[in-house]
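This report refers to the structure that appears directly beneath it.
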There are 2 protein chains.
Amino acid sequence: MNKKQLIAKLSGSLNLSKADAERTFDIITNTILDALKGDDSVKIAGFGTYKVAKRKARVGRNPRTGEQIQIAASQKVKFLPAKALKEVFNK
Amino acid sequence: MNKKQLIAKLSGSLNLSKADAERTFDIITNTILDALKGDDSVKIAGFGTYKVAKRKARVGRNPRTGEQIQIAASQKVKFLPAKALKEVFNK
DNA sequence: AATTGGATATGCAGTATTTGCATATAGAAA
DNA sequence: TTTCTATATGCAAATACTGCATATCCAATT
């Protein structure tokens with residue numbers, strides 16, 4: 001399912017036009033992103049936690065040529081599913 | 001930031017009561033979950049992709065006693081940040 | 001509705017990183 | 001109040017990550 005299809009569903013269940021449903025959805029994701037930029041984590045009970053994880057610089061390898069490569073440190077958004085979410089898929 | 005604080009922010013930016021903002025938010029997360037249950041992945045352009053990842057059974061260990069334990073296969077929701085999302089935190 | 005530019009999936013090798021087990025407790029959230 | 005979540009522990013095994021070409025897929029513009 002892609003964003004367009006998701007918006008179509010939400011349009012129905014939220015009783016909004018597709019344009020409004022998309023606007024609503026975008027506001028929510030942007031709010032989460034902004035929070036991650038400033039704060040460091042966003043916890044949503046029953047769903048999961050978004051966190052910014054710092055990754056150290058390290059040595060990698062180009063699998064095509066085999067040569068070693070220096071990989072810079074970076075940051076990545078991680079999602080940790082809540083307990084309830086795990087149970088849904090493991091009952 | 002926790003869910004309550006997120007809802008409070010959304011209440012303002014969506015111009016909804018807190019109760020309605022929470023209802024809206026819950027409908028969205030539930031819609032995503034339902035899609036994932038149907039074995040799909042949910043791709044949200046510019047944000048990321050939610051996927052159900054299957055994990056194989058393996059041998060684990062009780063860190064308290066040190067004894068080996070057989071761990072059953074399981075499923076887990078994974079979130080893969082979109083390119084745009086990575087760039088926000090690595091520029 | 002169709003085209004196009006951009007984003008993402010795949011496969012590969014080898015190393016780095018993460019995962020997840022049990023369990024109690026502390027702290028936070030509903 | 002009562003439920004949920006983070007933390008901490010050692011360690012084996014699963015998985016992520018890198019460059020890059022190709023194939024596929026999506027989003028946005030015509």
Side-chain angles (χ1 to χ4, degrees), chain A residues 1-8 18-19 21-23 25-26 29 35 39-90, chain B residues 1-9 11 18-19 21-23 25-26 29 35 39-90:
Chain A
M1 164 142 86
N2 59 34
K3 184 174 175 184
K4 197 175 210 170
Q5 296 168 311
L6 177 63
I7 295 299
K18 284 186 185 174
E22 181 159 17
R23 232 182 319 270
F25 186 80
D26 288 344
T29 55
D39 206 332
D40 50 350
S41 72
V42 178
K43 294 184 199 177
I44 299 159
F47 187 66
T49 303
Y50 296 91
K51 274 194 178 180
V52 177
K54 299 179 200 314
R55 310 180 65 75
K56 290 180 187 170
R58 64 194 170 82
V59 176
R61 188 174 290 267
N62 181 337
R64 185 161 296 270
T65 66
E67 65 180 322
Q68 288 201 338
I69 298 162
Q70 180 62 23
I71 301 171
S74 65
Q75 294 190 303
K76 170 179 181 178
V77 176
K78 272 192 58 173
F79 175 73
L80 300 99
K83 190 187 171 191
L85 188 40
K86 290 182 197 166
E87 285 168 357
V88 168
F89 293 96
N90 292 305
Chain B
M1 159 141 57
N2 59 37
K3 184 175 176 183
K4 196 177 209 171
Q5 296 168 314
L6 177 63
I7 296 299
K9 279 210 176 196
S11 168
K18 284 184 185 175
E22 180 160 16
R23 232 184 317 271
F25 185 81
D26 288 344
T29 54
D39 205 29
D40 266 345
S41 64
V42 179
K43 294 184 197 177
I44 297 159
F47 188 66
T49 302
Y50 295 92
K51 272 193 178 181
V52 177
K54 298 181 198 313
R55 300 185 164 288
K56 293 179 186 170
R58 62 196 173 82
V59 176
R61 190 171 291 267
N62 181 336
R64 188 160 294 272
T65 66
E67 65 179 323
Q68 290 202 337
I69 297 162
Q70 181 63 23
I71 301 172
S74 65
Q75 295 191 303
K76 170 181 180 178
V77 175
K78 269 193 56 174
F79 174 74
L80 299 99
K83 190 186 175 191
L85 187 41
K86 290 182 197 165
E87 285 167 358
V88 168
F89 293 95
N90 291 307

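First the proteins, then the strands, lettered A, B, ... as listed; each starts at 1.
Between the CE atom in B:Met1 and the OG1 atom in A:Thr49 there is a gap of 12.5 Å [rounded to 0.5 Å]. Expressed to the nearest 0.5 Å, how far NZ of B:Lys51 lies from NZ of B:Lys43 amounts to 7.5 Å. From B:Gln75, atom CD reaches atom CG of A:Leu85 across 11.5 Å, with rounding to the nearest 0.5 Å.
When the side-chain nitrogen and oxygen atoms of A:Lys43 are compared with OP1 and OP2 of C:dA29, none of them lie within a distance under 4.0 Å. Side-chain nitrogen and oxygen atoms of A:Lys83 include none within less than 4.0 Å of the OP1 or OP2 phosphate oxygen of D:dT5. Contact between the side-chain N/O atoms of A:Thr65 and the OP1/OP2 oxygens of C:dC12 is not found at any separation under 4.0 Å. Taking side-chain N and O atoms only, A:Lys78 has no distance below 4.0 Å to OP1 or OP2 of C:dT18. The side chain of B:Asn2 contributes an N or O atom lying less than 4.0 Å from OP1 or OP2 of C:dA29. Put simply, A:Lys51 has no side-chain N or O that comes within less than 4.0 Å of OP1 or OP2 on D:dA6. Contact check, A:Arg64 against D:dT18: no side-chain N or O comes under 4.0 Å of OP1 or OP2.
Nearest-nucleotide assignment on DNA chain D puts the 5′-proximal partner with A:Gly46, out of A:Gly46 and B:Arg55. Along DNA chain C, the nucleotide nearest B:Phe47 and the nucleotide nearest A:Arg61 are compared for position; the residue whose nucleotide lies closer to the 5' end is B:Phe47. Of the two residues contacting DNA chain C, namely B:Gly48 and B:Gly60, the nearest-nucleotide position lying further toward the 5' end is that of B:Gly48. Between A:Ala82 and A:Asn62, the residue anchored nearer the 5' end of DNA chain D, judged by the nucleotide with its closest heavy atom, is A:Ala82.
Per the geometry, CD1 belonging to A:Ile71 stands 15 Å off P belonging to C:dG14, to the nearest Å. Computed from coordinates, the A:Arg58 CZ to D:dT18 C1' distance equals 6 Å when rounded to whole Å. C:dA16 atom P lies 11 Å from atom CD of A:Gln70, rounded to whole Å. For the pair A:Leu80 CG and D:dT5 C1', the computed distance is 11 Å after rounding to whole Å. Nucleotide C:dA16 holds its P atom 18 Å from the NZ atom of A:Lys76, rounded to whole Å. To the nearest angstrom, P of D:dC20 lies 8 Å from CD of A:Glu67. Atoms NZ (A:Lys56) and C1' (C:dA16) sit 11 Å apart, rounded to a whole Å. Separating the CZ atom of A:Phe79 from the C1' atom of D:dT5 is a distance of 14 Å, rounded to the nearest angstrom.
Counting any heavy atom pair closer than 4.0 Å across all strands shown, A:Thr49 reaches sugar-phosphate atoms only and no base atom.
Although no hydrogens or angles enter the test, the distance criterion places a donor-acceptor pair under 3.5 Å between the side chain of B:Gln5 and the main chain of B:Asn2.
Ring geometry for A:Phe47 versus A:Phe79: interplanar angle of 30 to 60°, hence tilted.
By the 4.5 Å heavy-atom criterion applied to side chains, B:Val59 and B:Gln70 are counted as neighbours.
Closest to the side chain of A:Pro63, out of C:dC12, C:dA22, C:dG20, is C:dC12.
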